[in-house]
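Each remark here refers to the structure printed beneath this line.
The figures that follow rest on heavy atoms only: side chains count, while hydrogens, waters and symmetry mates do not. This is a predicted model, so every value here is computed, not measured. Order of the sequence lines sets the chain letters (A, B, ...), proteins ahead of strands, with each chain counted from 1.
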Amino acid sequence: GAGVSQSPSNKVTEKGKDVELRCDPISGHTALYWYRQSLGQGLEFLIYFQGNSAPDKSGLPSDRFSAERTGGSVSTLTIQRTQQEDSAVYLCASSLAGGPNTEAFFGQGTRLTVV
Amino acid sequence: AQSVAQPEDQVNVAEGNPLTVKCTYSVSGNPYLFWYVQYPNRGLQFLLKYITGDNLVKGSYGFEAEFNKSQTSFHLKKPSALVSDSALYFCAVRDPYSSASKIIFGSGTRLSIRP
């Protein structure tokens, strides 16, 4: 596809269950980002992948959160033992390179609701 | 640490009037600055960026932004607002000295254009 694709678009899960969110970046983009947005508010940085470099995990809020990027393309964000405060829209973005002068392209997001 | 601040949570403008959405930054050295827009129930879209060169940067949908180093500002402007400009606007910065750097977003400003 032409843009960043995220799935599912909506996810409702019970408290305590694990969830996996998927991101397909734009083909050829080497940098991939995950952000979290609560109730139309600001964007909270979670994790950043750039090529084969070690990811910047400094934004992950707890050890229940993890992410991987396989083959330098698709990324999966996993939240274990979900809590109600995890409810948010999870946004993925990619950019052509990790250089600081490049803009990122965002997916539509996954709306996660923990009940 | 790099940061951006958006001092206004909400900006209200009448259609046809000029609009300004404010952003100030705190970056060591010369910054790489961006504006993104988020329409209701949609992902973020890139509007424009300042890397170097002319202080006045033109972007999508008739928007422009002025980089002011002495005031450490990067305000978003449009000469004549449209109702369709109503959205959430985010200012962002990246570290210019890092080859692999996350994007740091401001808290967002909700722009409301009344007919």
Out of curiosity, does [Y] fall in the hydrophobic cluster containing [X] (side-chain heavy atoms, cut-off under 4.5 Å, transitive links)?
X       : Y        : value
B:Phe63 : B:Val4   : yes
A:Tyr33 : A:Leu112 : no
A:Val89 : A:Trp34  : no
B:Trp35 : B:Ile113 : yes
A:Leu32 : A:Leu21  : yes

Answer yes or no: is there a side-chain heavy-atom contact under 4.5 Å between [X] and [Y]?
X        : Y        : answer
B:Tyr36  : A:Glu103 : yes
A:Phe45  : B:Phe105 : no
A:Asn101 : B:Thr52  : no

Flag if over 12 foreign heavy atoms under 6.0 Å of CZ, A:Arg111
no
Please say whether more than 12 non-hydrogen atoms of neighbouring residues, nucleotides or ligands are located less than 6.0 Å from CD in A:Glu14.
no
Using heavy-atom distances under 4.5 Å, tell me whether A:Leu91 contacts chain B through its side chain, its backbone, both, or neither.
side chain
Evaluate the side chain to side chain contact (heavy atoms under 4.5 Å, CB included) criterion for residues A:Gln108 and B:Leu44: first the C-alpha distance (whole Å), next the side-chain angles of each, then the deciding distance (0.1 Å), finally the verdict.
CA-CA 8 Å; A:Gln108 298 294 303; B:Leu44 272 74; over 6 Å; no
Nearest-0.5 Å distance that lies between atom OH in A:Tyr35 and atom CD1 in B:Ile103
4.5 Å
Approximate separation, where rounding is to 0.5 Å, of A:Leu43 CG and B:Gln38 CD:
6.5 Å
Locate the shortest heavy-atom distance separating B:Phe90 from A:Gln37; write the atom from each residue and the value.
CZ-NE2, 3.6 Å
Between B:Lys49 and A:Thr102, is the side-chain hydrogen bond (donor to acceptor under 3.5 Å, both in side chains) condition met? List the steps.
CA-CA 9 Å; B:Lys49 65 182 177 183; A:Thr102 56; over 6 Å; no
